[in-house]
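Here the structure is laid out as structure tokens; the discussion comes afterwards.
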Amino acid sequence: MDPIAKNLDPAAKLDTDCAVVPVFARKQLSSAAKALDKATGGLIKTAIENGEIEGKQGQTLMLHAPAKSGSKRILLFGAGTASKLDAASGRAISGAVIKALHASRARDAAVFIEEVSSKKLATETLCQQLAKDAATSAYRYSETVSKPKDAPTLRKLQVNTGLPARAANAALKRGTNIGEGINTARELGNLPGNICTPTYLASQARKLGRKSKNLSISVLEEEQMRKLGMGSLLSVSAGSEQPAKLIVMNYKGAASSAKPYVVVGKGITFDSGGISLKPGAKMDEMKYDMCGAASVFGAMQAVVDMKLPLNVVAIVAASENLPSGSATKPGDVVTSMSGQTIEILNTDAEGRLVLCDALTYAERFKPAAVIDIATLTGACVVALGAHASGMYANQDKLAEQLTQAGETSHDRAWRMPLWDDYQKQINTPFADMANVGGPGGGSITAACFLARFTKKYNWAHLDIAGTAWTGAPKGATGRPVGLLLQYLMDRAGK
Ligand code: BES
Ligand code: MN
Ligand code: ZN
């Protein structure tokens with residue numbers, strides 16, 4: 001669905017399933033609501049006098065319009081006090097409107113938001129939010145369900161904004177692109193491990209590459225990784241029949257002299273723990289262990305769709321983590337591409353093992369900044385729960401930009417310490433480092449491990465173990481695609 005900006009007269013024959021108009025706090029009708037009220041012989045005022053809606057943000061009321069009126073239904077939505085509207089109001093309003101439209105089974109709607117703005121809520125922001133919500137709320141997982149249920153009916157959204165059509169349409173388009181990027185990440189996350197293998201991810205990259213001549217794809221096979229010395233990454237795929245893939249997507253939207261932003265995704269398509277086998281309960285959830293990679297795919301798709309004037313490189317380190325006769329054993333020592341040796345004390349701490357080689361590989365792009373995204377540690381879920389991703393950075397400016405992008409997109413990250421004091425937890429007599437750091441600060445010591453491979457550039461790490469999927473209802477959230485895109489749009493000045 002592509003929402004479009006349109007100048008509409010609410011009282012005219014709109015020929016729509018649903019006209020959507022605001023009611024402000026204390027039962028104040030918007031101009032659009034007034035016009036509709038008049039055209040329907042006082043329908044809206046009657047509902048308000050009956051106390052069915054007051055105008056609080058998040059409230060909605062569906063009315064069935066009389067025959068011969070301009071639309072089949074009228075959806076009233078509460079917009080609160082106009083002067084107090086802010087980003088949170090925009091989210092509440094957009095969420096409530098889109099939810100009510102879906103519930104009504106309307107096929108199309110005309111939304112009047114020209115009066116729903118303030119110093120702290122630009123109409124463009126609300127447009128973007130509406131389009132994003134329209135896209136994400138239409139997502140259904142259906143790939144492996146024989147009779148998909150509850151297909152969304154909403155096909156068309158016209159938005160009366162009071163803005164020049166160009167500005168409104170640009171904001172709507174941006175929202176759609178972001179929402180579709182989020183949906184792509186959710187779909188990849190939700191696919192089962194027997195479909196979404198490293199090879200499948202490589203094929204998805206090639207498919208994305210066919211969308212734009214500015215996006216080139218290369219996939220490193222195990223043989224090439226061996227030649228590059230990626231002994232750490234390959235130690236994770238050693239127990240699996242599925243070959244590991246290092247997937248590189250290179251997007252050129254700016255001059256070739258412009259340094260690229262590099263995003264690196266953990267793509268463990270199933271994490272059994274390996275020889276350090278995980279307990280059986282909820283092990284199925286470890287199909288989501290490629291959600292970092294999924295977010296990189298979703299973000300890259302939207303970067304291409306938005307034609308952002310930046311250079312962006314996405315690297316996906318894809319592997320399964322399984323036990324077998326050829327699997328890596330606790331106590332094994334491997335040599336990473338950086339030359340540093342690693343004692344693998346726990347084969348379940350595999351994310352850092354695939355990421356470290358991908359992060360060394362990232363050096364060759366002479367990056368402006370590198371951000372890795374990974375469902376890295378259960379400890380991060382304990383620390384921050386489901387609301388914030390854990391963020392680590394070796395440069396304050398990058399950390400601030402990511403924090404800001406998280407606030408703007410409401411896909412938030414919270415900075416955690418990378419202090420040297422934690423580094424000694426991963427020292428070992430048998431190698432340059434161990435891959436686990438003992439009981440305390442598990443998310444931090446994982447980040448400290450990665451920090452030993454990222455000294456040559458500005459780097460941030462997002463631990464998304466708590467934010468990438470939810471248990472009820474089960475599914476991938478598409479986070480942190482919103483944060484990544486906001487960060488990149490900010491860099492592009494969009
Ligand atoms: N993929 C897991 C992290 C994870 C656990 C994400 C639970 C989401 C929910 C990761 O590979 C892992 O197993 N980490 C271990 C590290 C430990 C062995 C040091 C963990 O967090 O338990
Ligand atoms: Mn693991
Ligand atoms: Zn894992």
Side-chain angles (χ1 to χ4, degrees), residues 189-190 193 196 198 201 232-233 235-240 242 244 264-295 316-323 327-332 342-356 358 372-390 392 416 422 425-428 433-450 461-472 474-477 479-480:
N190 288 335
C196 186
L201 288 177
S232 183
L233 191 156
S235 76
V236 177
S237 61
S240 170
Q242 295 288 338
V264 180
K266 171 179 173 182
I268 299 295
T269 58
F270 186 73
D271 179 15
S272 71
I275 297 294
S276 312
L277 193 64
K278 285 182 180 295
K282 291 196 188 173
M283 205 205 267
D284 62 289
E285 291 189 349
M286 283 299 124
K287 73 171 182 177
Y288 292 119
D289 212 15
M290 36 57 69
C291 280
S295 74
V316 168
S319 173
E320 285 187 332
N321 184 25
L322 291 178
T328 298
K329 305 170 292 302
D332 286 1
I342 303 162
E343 184 187 23
I344 299 174
L345 289 176
N346 189 324
T347 63
D348 196 12
E350 83 299 337
R352 63 201 79 180
L353 296 175
V354 296
L355 286 172
C356 70
D372 78 70
I373 307 101
T375 49
L376 205 62
T377 64
C380 192
V381 190
V382 176
L384 295 172
H387 299 294
S389 301
Y392 299 83
M416 304 274 283
Y422 291 96
Q425 283 182 239
I426 55 171
N427 288 345
T428 165
M433 70 197 87
N435 78 327
V436 291
S443 176
I444 302 171
T445 51
C448 283
F449 178 97
L450 298 176
H461 157 61
L462 296 172
D463 192 334
I464 60 166
T467 53
W469 79 87
T470 62
K474 259 186 168 185
T477 61
R479 290 180 70 183

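Counting convention: from 1, in listed order, for ligands and their atoms alike. Model, not experiment: these values are computed from the prediction.
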Quick one: look at [X] and ligand 1, take heavy-atom pairs under 4.0 Å, and tell me if it's side chain, backbone, both or neither.
X	answer
E285	neither
L376	backbone
K266	side chain

Does ligand 1 come near enough to D271 that some N or O of the ligand is less than 3.5 Å from an N or O of the residue?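 Yes, D271 has an N/O under 3.5 Å of an N/O on ligand 1.
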
For ligand 1, is there an N or O atom under 3.5 Å from any N or O atom of V381?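 No: no nitrogen or oxygen of V381 is under 3.5 Å from one in ligand 1.
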
Check ligand 1 against [X] and write out every atom of the ligand that is under 4.0 Å from a heavy-atom position of the residue.
X	result
N346	18 (C)
D289	1 (N), 11 (O)
E350	11 (O)
G378	3 (C), 4 (C), 5 (C), 20 (C), 21 (O)
V436	19 (C)

So, of the N/O/S atoms that D271 has, which is the nearest one to the Mn ion (ligand 2)?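 This turns out to be OD2.
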
Atom of E350 closest to the Mn ion (ligand 2), considering N, O or S atoms: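 Result: OE1.
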
Among all protein non-hydrogen atoms, which one is nearest to atom 6 (C) of ligand 1, and what is the separation to 0.1 Å?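 Sorting protein heavy atoms by distance from atom 6 (C) of ligand 1 puts A465 CB, 3.6 Å first.
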
Which distance, rounded to the nearest 0.5 Å, do you find between the [atom1] of [X] and the [atom2] of [Y]?
X	Y	atom1	atom2	answer
L355	L450	CG	CG	5.5 Å
I373	C291	CD1	SG	12.0 Å
L384	I464	CG	CD1	13.0 Å

Mind checking whether the Mn ion (ligand 2) has an N, O or S of D289 under 2.8 Å?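 Under 2.8 Å: D289 has no N, O or S contact with the Mn ion (ligand 2).
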
What's the atom name of the N, O or S in D271 nearest to the Zn ion (ligand 3)?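 Going through the N, O and S atoms of D271 one by one, OD2 ends up nearest to the Zn ion (ligand 3).
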
Quick check: of its N, O or S atoms, which one does D289 have closest to the Zn ion (ligand 3)?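 Per the distance ranking, D289 contributes OD2 as its closest N/O/S atom to the Zn ion (ligand 3).
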
May I ask you to check if any N/O/S atom from K266 comes under 2.8 Å of the Zn ion (ligand 3)?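 Checking K266: at least one N, O or S atom is under 2.8 Å.
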
Metal site the Zn ion (ligand 3): N/O/S of E350 inside 2.8 Å: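 Yes - counting backbone and side chain alike, E350 has an N, O or S atom under 2.8 Å.
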
Is it the case that S389 and T467 place a side-chain donor and acceptor less than 3.5 Å from each other?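 Yes.
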
Would you say the side-chain atoms of Q425 and T445 include a donor-acceptor pair closer than 3.5 Å?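 The criterion, which ignores hydrogens and geometry beyond distance, is not satisfied for T445 and Q425.
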
Look up atom 22 (O) of ligand 1 and tell me if a protein heavy atom lies less than 4.0 Å from it?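 For atom 22 (O) of ligand 1 the answer is no, since every protein heavy atom stays at 4.0 Å or beyond.
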
Heavy-atom closest contact (M283 atom, F270 atom, distance):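 Closest approach of M283 to F270: O-CE1, 3.4 Å.
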
Taking all non-hydrogen atoms of both residues, which atom of A358 and which atom of V264 are closest, and how far apart?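 Closest pair (atom of A358, atom of V264, distance): CB-CG1, 3.8 Å.
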
Does any N or O in the side chain of [X] come within less than 3.5 Å of the main-chain N or O of [Y], such that one atom is a donor and the other an acceptor?
X	Y	answer
T477	A468	yes
S443	A379	no
S235	S232	yes
N346	N435	no

Assess the residue pair E350 and D289 against the criterion (side chain to side chain contact (heavy atoms under 4.5 Å, CB included)); give the C-alpha distance rounded to whole Å, side-chain angles, the decisive distance to 0.1 Å, and a yes or no. CA-CA 11 Å; E350 83 299 337; D289 212 15; 3.0 Å; yes

Could you tell me whether ligand 1 has any atom less than 4.0 Å away from a heavy atom of F449?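 F449 does not count as a contact of ligand 1 under the 4.0 Å cut-off.
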
Out of L345, V236, D348, whose heavy atom is nearest to atom 12 (C) of ligand 1?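 The nearest heavy atom belongs to D348.
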
